[in-house]
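Worth knowing before you read on, the calculation uses all heavy atoms, side chains too, and leaves out hydrogens, waters and symmetry mates. What you are looking at is a predicted structure, and each value in this text was computed from that prediction instead of being measured.
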Amino acid sequence: MRTNRRNTMKKTELWPVFGLAAALAVQPVGAAERLARAAADTLSGAEQEERPNILLFLVDDMGWQDTSEPFWKDTTPLNRIYRTPNMERMARQGVKFTEMYASPVSSPSRVSLLTGMTPAAHRVTNWTLYRDRGPDPESPLVEWPAWNVNGIAAQPGVPRTTHVTPLPELLRGAGYRTILVGKAHFGAIGTPAADPCTLGFEVNVAGHAGGGVASYLGEKNFGNRPGADSQPPQAVPGLESYWGKDIFLTEALTREAERQIDTALMLGRPFFLYMSHYAVHVPFDRDARYYQKYVDRGMEPAEAAYAALIEGMDRSLGDLRDYLRERGVERNTIVIFLSDNGGLSAWARGGRPGAQNWPLRSGKGSPLEGGIRVPMLIEWPGVADSGTHCTVPVAIHDLMPTLLEMGRTGPVRTVQRIEGTSLVPLLRGDEAAIPRNRPLVWHFPNMWDAPGDGIGPYSALRQGDWKLIYYYDTGRTMLFNLREDIFEKIDHGENPVQAKRRERMARRLTHELKRVDAQVPRLRATGEWCRWPDGTSYRESGQAARGR
């Protein structure tokens, strides 16, 4: 369903569709960049000048309800706690996606965004940091598969990585100045993707292998130790000019992004700015610009610090959009806002753990809605009608083909098979272009760091209004009707009335996993591979030999 606050649709001249789904195919990386550049060369000078700038504003660990802009049918208590006026403004001027999904943790989402692949296909199924070593805790029930703990690589032959043609490389080949400011988290320490410039970014400010932040405070040097031979793995690099100063990391990164916008405009090139905040990830350092007012409202220190992180992030969004207007490029800049996974709930920010994303159940690390449903807003001046709501279920791996079409790269070829679908038709108002029952798949044959509701090794499928979750260690299946029960209180996993639906969805989930050669854990008790969601043997699929 799509609703509009206005009575009439805007008449606009729409850019041509390039048929990306048909054009994406296997091709060596270097050739892919040459093809993208060649495609750009076929456009006239006037057409190249019309290319939009793209600001991709990504937030870390922000929940679906961590905003004063409601993403549900009702305004919730959480919406009344947080203050995000710039998200509200963007929702009035753009399209709000109320059923946007990501992975339950950071690296899988970020890799999907840059590759158009699902985690089952790229096999970066958990968060990365240390070379050749994953963070999965020991399990008494299962042994973890050999997933790609080193992340992705734009060149072949890097052990335990997926060789891909990354989105920034294609946009750069098409003439964009590609800029990353903030968190990267695409590859482990000591591997190529620890440096985002190996993935096609011309500029990298503060991005590295770390997925968190040692400190948000400039007076603490963002966690760096001056003069030390090595720095903590989560210390933010490259911001030495702010060391020792009274500045919060969110503001420092915003200033750096503004400088990069100026450079791109001076060079006369369209820019792709991947503004990737470390906020609102732990630790909940206190942003002094906003913290005290939340304490004065009676909030506990951790809650107040988190609310201040949220407001500081929103201030950055507003500052950058205002900066685009000051520079005269607001009307030719697409702005995309989203989070990389659901909000943290395994450890309480206030109240009892697990209740931080209400009405959604659970949070980060879980396949329940609180862990995977995220806020997304897209503003595309002159194309996407303002004030609209899109309720079609979409996913983060859809953004790569979307951005390629927005950036008018023309047909491209990639090493990897692109699984995402461009959201441009939805932005133009054609919701029938993407069926509501399109299967969306999550695959996490791992264990996240903390125990919590729904956390475990699983695969999941959303199709239409229904979602099925299958756990490899216990064999449990959960089934929910999200239209009737967004709270996921009623589990139909053992309901005989829904047996046929459950079996049908389990078969479809198994089919989707086999199609991309997904991995599964191994049972410790028997040494056998865990079974597929439909109950069939992994060995029988002929894929067990490739599962480790």
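Using modelled atom types, one finds no donor on one side chain facing an acceptor on the other under 3.5 Å when comparing Arg476 with Tyr470. Residues Asn446 and Asp136 have side chains that bring a donor and an acceptor to within less than 3.5 angstrom of each other. Neither side chain, Tyr458 nor Asp473, offers a donor N or O lying under 3.5 Å from an acceptor on the other. A side-chain N or O of Thr162 and one of Asn148 form a donor-acceptor pair less than 3.5 Å apart. A side-chain N or O of Ser107 and one of His185 form a donor-acceptor pair less than 3.5 Å apart. Residues Ser422 and Glu405 bring a donor and an acceptor atom of their side chains to less than 3.5 Å of each other.
With salt bridges taken as basic N to acidic carboxylate O contacts below 4.0 Å, one links Glu419 and Arg515. Salt bridge present: Glu99 and Arg462 bring a charged side-chain N and a carboxylate O closer than 4.0 Å. Between Asp60 and Lys183 a salt bridge is recorded (basic side-chain N to carboxylate O distance below 4.0 Å).
Between Val392 and Leu426, some side-chain heavy-atom pair lies under the 4.5 Å cut-off. Within the 4.5 Å cutoff, the side chain of Ile189 has no heavy atoms near those of the Arg131 side chain. Annotation: side chain of Ile469 is not in contact with side chain of Leu479 (no heavy-atom distance under 4.5 Å). Counting heavy atoms from C-beta on, the side chains of Asn481 and Asp465 come closer than 4.5 Å. When side chains are defined from C-beta on, Leu171 does not count as touching Met406, because their heavy atoms never get closer than 4.5 Å. Side-chain contact check for Pro119 versus Ser112: some heavy-atom pair is nearer than 4.5 Å. For the pair Lys514/Trp532, a side-chain contact is recorded, criterion being any heavy-atom separation below 4.5 Å from C-beta on. Between Ser106 and His281, every side-chain heavy-atom pair lies at or beyond the 4.5 Å cut-off.
Closest approach of Asp449 to Trp127, counting heavy atoms only: OD1-NE1, 2.9 Å. Across every non-hydrogen atom of Ser362 and Leu368, the tightest pair is CB-CD1, 3.9 Å. Of all heavy-atom pairs between Ser339 and Val374, the closest is O-CG2, 3.6 Å. What you find for Asp340 and Ser109 is that their closest heavy atoms are O-OG, 2.6 Å. Between Gln65 and Thr76, the closest heavy-atom pair is OE1-OG1, 2.6 Å. Pairing each heavy atom of His208 with each of Ala235, the nearest pair is CE1-O, 3.2 Å.
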For this session: Run the numbers on Thr165 and Arg413 for side chain to side chain donor-acceptor pair (under 3.5 Å), then give the verdict.
Result: CA-CA 8 Å; Thr165 309; Arg413 295 189 179 183; over 6 Å; no
For this session: Begin with the C-alpha distance, continue with both residues' side-chain angles, and end with the deciding distance and a verdict on side-chain contact (heavy atoms from CB on, under 4.5 Å) for Trp466 and Arg483.
Result: CA-CA 8 Å; Trp466 290 84; Arg483 179 176 291 275; over 6 Å; no
For this session: With side-chain contact (heavy atoms from CB on, under 4.5 Å) as the test, would you mind laying out the steps for Leu113 and His397 before giving the verdict?
Result: CA-CA 5 Å; Leu113 196 160; His397 62 280; over 6 Å; no
For this session: For the pair Ile455 and Trp448, evaluate side-chain contact (heavy atoms from CB on, under 4.5 Å) and give the outcome as yes or no after the intermediate values.
Result: CA-CA 7 Å; Ile455 292 175; Trp448 191 52; 3.7 Å; yes
Exercise. Hey, mind stepping through Tyr538 and Arg522 against side-chain contact (heavy atoms from CB on, under 4.5 Å) and telling me if it holds?
Worked result: CA-CA 10 Å; Tyr538 185 74; Arg522 188 194 295 267; over 6 Å; no
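Between the side chain of Gln231 and the backbone N or O of Arg225 there is at least one donor-acceptor pair closer than 3.5 Å. Counting only distance, with no hydrogens or angles, the side chain of Ser103 and the backbone of Val105 share no donor-acceptor pair below 3.5 Å. No donor-acceptor pair closer than 3.5 Å links the side chain of Thr250 to the backbone N or O of Met313. Of the possible donor and acceptor atoms, none in the side chain of His277 sits under 3.5 Å from a partner among the backbone N and O of Ala279. Panel note: side chain Asn221, backbone Gly223; no donor-acceptor pair is recorded below 3.5 Å. Proximity of a side-chain donor or acceptor of Asp61 to a complementary backbone N or O of Val280 within less than 3.5 Å is not detected. The closest donor-acceptor contact from the side chain of Tyr216 to the backbone of Tyr278 lies under 3.5 Å. A donor-acceptor distance shorter than 3.5 angstrom exists from the side chain of Arg502 to the backbone of His492, with no hydrogens or angles considered. Side-chain atoms of Ser215 never come within 3.5 Å of backbone atoms of Phe222 as a donor-acceptor pair (strictly under, hydrogens ignored). Trp64 places a side-chain N or O within donor-acceptor distance of the main-chain N or O of Thr98, the cut-off being under 3.5 Å.
Crowding of Arg524 atom CZ: a count of heavy atoms from other residues, nucleotides or ligands under 6.0 Å exceeding 12.
For Ala120, the side chain to side chain contact (heavy atoms under 4.5 Å, CB included) partners at least two apart in sequence or on another chain are Thr118, His443, Leu513, Val516, Ala518. Shown here are the salt bridge (charged side-chain N to carboxylate O under 4.0 Å, His left out) partners of Glu369, two or more places apart in sequence or in another chain: Arg373, Lys467. Take Arg438 and apply the side chain to side chain contact (heavy atoms under 4.5 Å, CB included) test, not counting sequence neighbours, and it matches Val394, Asp398, Thr421, Ile434, Leu440.
Annotation: the span from Ser366 atom OG to Asn341 atom CG amounts to 11.5 Å, rounded to 0.5 Å. Here CZ of Arg110 is found 13.5 Å from OG1 of Thr115. Values are rounded to the nearest 0.5 Å. Once rounded to the nearest 0.5 Å, the distance linking CD of Glu503 with CZ of Arg507 reads 6.5 Å. Interatomic distance, CG of Asp195 versus CG of Asn204, reported as 6.0 Å (0.5 Å rounding). Of the inter-residue distances, the one linking Asn150 atom CG with Thr191 atom OG1 reads 5.5 Å to the nearest 0.5 angstrom. Interatomic distance, CG of Leu56 versus OG1 of Thr402, reported as 11.0 Å (0.5 Å rounding).
The aromatic rings of Trp442 and Tyr101 sit perpendicular, their planes meeting at an angle over 60°, well past the 30° parallel limit. Taking the six-membered ring where tryptophan is involved, the planes of Phe272 and Phe201 are essentially parallel, since the angle between them stays under 30° and well short of 60°.
For the salt bridge (charged side-chain N to carboxylate O under 4.0 Å, His left out) with Arg361, the lone residue among Asp491, Asp485, Asp453 that qualifies is Asp453.
For the pair Arg123 and Trp147, the cation does not sit on the ring face, since its NZ or CZ is not both under 6.0 Å from the ring centre and inside 45° of the axis.
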